[in-house]
There are 2 protein chains.
Amino acid sequence: MTHAKTTYQFEDLLDKHQLKKTAPRLRVLSMMYSKNTATSQPDLESVMHDIDRVTLYRILNVFEEKGIIHKVFDLNGTANYAICHSNCGAHKHHDEHVHFNCTNCKNVYCLNELTLPALNLPGGFKAEGFTLYASGLCSKCSKKAN
Amino acid sequence: MTHAKTTYQFEDLLDKHQLKKTAPRLRVLSMMYSKNTATSQPDLESVMHDIDRVTLYRILNVFEEKGIIHKVFDLNGTANYAICHSNCGAHKHHDEHVHFNCTNCKNVYCLNELTLPALNLPGGFKAEGFTLYASGLCSKCSKKAN
DNA sequence: ATTATAAATGCAACAATATTTCATTTACTA
DNA sequence: TAGTAAATGAAATATTGTTGCATTTATAAT
């Protein structure tokens, strides 16, 4: 599931999207790939306190545009960012998966393995994208609860 | 579907939740009941410009706590508020319905009539609430598109 | 290797929003 | 009708989103 990525692979990823291989970008990539949960901008800031707030903001924006990451809002409405594992491209995200927000540890998990069941909308509504949000206890926190 | 509510019914609603029947609260209720889409705080502010911003903020908060309304984030992460039609109570929301965010008119619809299909989560994950977000063109905008 | 240039960064400044404090007003109770 | 607790409005602060610009850096061309 979690592939250990090397710096070279991150550089290739940036190359592929015609982005310059800068230190801040490589650090953001390696941090996000090392986690199986989405990361909020506040979290990123506190870990990489030497990188400017605005730089992070712009890195996240350009990564999202290029389809490297996708944005997901947690229960409090704060933006979290996660690596796009499936076939995402610029302006064409396929993040039609399930997001799980743990009410205890506040982590946001992207459950990529799950596919969304079909759904028929009322007349006239033409859906393009779906995201299912589930909230509750994640596997770690439900273990602790015993 | 859309019930025309009288002032008396709004007063009863506030009574039921041990909230004082004040003018700002009644106006917020009547505005939200008159729409079939969720309302953002900016929208509320612009319509009721004589009510203080902070008052609106607190009214929305207390309504949400009491289970009168629920919060839903649109594609941009801004909070929208809608009346809870089903059996919601304080700290126990049953907003397990579908939210539809129109990419054209930006409106957020609560599709209460739809029920979510079952979903089995990975081992250990205990879900309490579900919300499905769909985005695309709403019935009005898809008509216009022809 | 060196240089030119376009892009990325960091900083300052600004805008918008969320949130707290407190004095005043208002709704309800006795 | 008076007393009380709650709600409001206004000011002030914190946090977050966003833009402009000078400086630095990565890359392409020489």
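Just so it is clear: chains get the letters A, B, ... in the order the sequence lines come, proteins before strands, and each one is counted from 1.
Within the 4.0 angstrom heavy-atom criterion, base atoms lie near B/T55. Here A/R25 lies in heavy-atom contact (under 4.0 Å) with sugar-phosphate atoms only.
Atom pair A/I59:CD1 and D/dG17:P shows a separation of 15 Å (rounding to whole Å applied). To the nearest angstrom, P of C/dC11 lies 10 Å from CG of A/D50. One can place CD of B/E45 at 10 Å from C1' of C/dA16, the figure rounded to the nearest angstrom. Rounded to an integer number of Å, the gap from NZ of A/K21 to C1' of D/dA26 is 9 Å. Remark: C1' of D/dT19 and CG of A/D52 are 13 Å apart, rounded to the nearest angstrom. Rounded to an integer number of Å, the gap from A/L56 CG to C/dG10 C1' is 12 Å.
Distance from the side chain of A/R53 is smallest for D/dG17 among the nucleotides D/dC21, D/dG17, C/dT26. When each of C/dC28, D/dG17, C/dT9 is scored by its nearest atom to the side-chain atoms of B/K20, the top-ranked nucleotide is C/dC28.
Side-chain N/O atoms of B/T22 include one lying less than 4.0 angstrom from OP1 or OP2 on D/dT8. Contact annotation: A/Y57 side-chain N/O to D/dT16 OP1/OP2 distance is not under 4.0 Å.
Put simply, A/L26 and A/L13 are part of the same group of oily side chains (I, L, V, M, F, W, Y) that touch within less than 4.5 Å, one to the next.
Between the side chain of B/N76 and the main chain of B/T78, no donor-acceptor pair closer than 3.5 Å is present.
Checked against the 6.0 Å centroid threshold, A/Y133 and A/F100 do not count as a close aromatic pair.
Inspection of the B/D43 and B/T39 side chains reveals no N or O donor paired with an N or O acceptor under 3.5 Å.
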